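Note sheet for the following structure.
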Amino acid sequence: MSMLNFDTSNCIALASTVISLIALLKSFLTGRKAKQLDLLLKQQQLQQHEIEMNESKKADVEVNAILNSNGYGGILKFYNKGKAVASNVSFSIPSDEGVDNIRLRMSNDYLPYPKLQPQQGFQIKYQDSSGASHQTIHIVWNDEFAKGRAKDMVIDM
């Protein structure tokens, strides 16, 4: 009879040991997976922070045309919709180079515009005898992110 008790005790002890080892292994694997997920989350947060830091260094200069009622001219309105200061802002109208159908009313030393704060803008009056519905404006500026950043915009003039 004591042999039966001994065998039952051993079986119970062995079963307890196996269950404990399974729980320990599961706990180890779960902890490892949680650490991997935590590391992945921290990497994503770091990437998002870097993107936000880069965006805070970028200016974004755009232009709109405000047409006169006679359709012969208007105002080019440049503005900085970015989060950083744009400096040395200048532009050209590639389709009008050498043709001079678009006359800009500004002094020769007006451009490059020295500094354009975020949400700030400037205006230039123009006359357009080209007859073209659309013109491409090539805008160039410097900001904290890079020098010589550029954008081409097609606008109705």
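The first residue of the sequence shown is numbered 1, and numbering continues consecutively from there. Keep in mind it's a predicted model, so treat the numbers as computed, not measured.
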Non-hydrogen atoms of Lys147 and Asn142 that approach each other most closely:
CA-OD1, 3.3 Å
Going by salt bridge (charged side-chain N to carboxylate O under 4.0 Å, His left out), name the residues that satisfy it together with Glu62, two or more places apart in sequence or in a different chain.
Lys81, Lys151
Closest non-hydrogen contact found for Asp156 with Ala65 is O-CB, 3.2 Å
Rounded distance [0.5 Å steps], CD in Glu52 versus CD in Glu50
11.0 Å
Using only atom types and a distance under 3.5 Å, with no angle test, would you say the side chain of Arg149 pairs donor to acceptor with the backbone of Ala59?
yes
Spell out, as yes or no, whether a donor-acceptor pair under 3.5 Å connects the side chain of Asn80 to the backbone of Asp60.
yes
Heavy-atom side-chain proximity of Asp96 to Asp128 below 4.5 angstrom
no
Please identify each residue that fulfils ring pair (Phe, Tyr, Trp, His ring centres under 6.0 Å) with Phe78, with sequence neighbours left out.
Phe91, Phe122
Check the hydrophobic clustering (I, L, V, M, F, W, Y; side-chain heavy atoms under 4.5 Å; chains of links allowed) and say if Ile155 and Tyr126 are grouped together.
yes
Only counting residues at least two apart or in another chain, list the ones meeting side-chain hydrogen bond (donor to acceptor under 3.5 Å, both in side chains) with Asn64.
none
Quick one: do Arg103 and Ser129 satisfy side-chain contact (heavy atoms from CB on, under 4.5 Å)? Show the steps, please.
CA-CA 8 Å; Arg103 288 182 179 72; Ser129 60; 4.0 Å; yes
Looking at every heavy atom in both Gly82 and Pro118, which two are closest together, and how far apart are they?
O-CB, 3.4 Å
Do side-chain atoms of Asp143 reach the backbone of Lys58 as a donor and acceptor pair under 3.5 angstrom?
no
Counting only N and O atoms by type, is there a donor-acceptor contact under 3.5 Å from the side chain of Ser27 to the main-chain atoms of Ala23?
no
Sub-4.5 Å side-chain heavy-atom contact between Leu40 and Gln36
no
Under 3.5 Å, is there a donor-acceptor pair between the Gln44 and Gln48 side chains?
no
Side-chain heavy atoms under 4.5 angstrom apart, residues restricted to Ile, Leu, Val, Met, Phe, Trp, Tyr: same cluster for Met106 and Ile139?
yes
So do Thr136 and Ser95 actually touch side chain to side chain, heavy atoms under 4.5 Å?
no
Residue pair Ala86 / Val61: nearest heavy atoms and the distance that separates them:
CB-CG2, 3.8 Å
Under the criterion side-chain contact (heavy atoms from CB on, under 4.5 Å), I'd like the reasoning laid out for Lys42 against Leu46: C-alpha separation, chi angles, the key distance, then a yes or no.
CA-CA 6 Å; Lys42 286 180 182 177; Leu46 182 60; over 6 Å; no
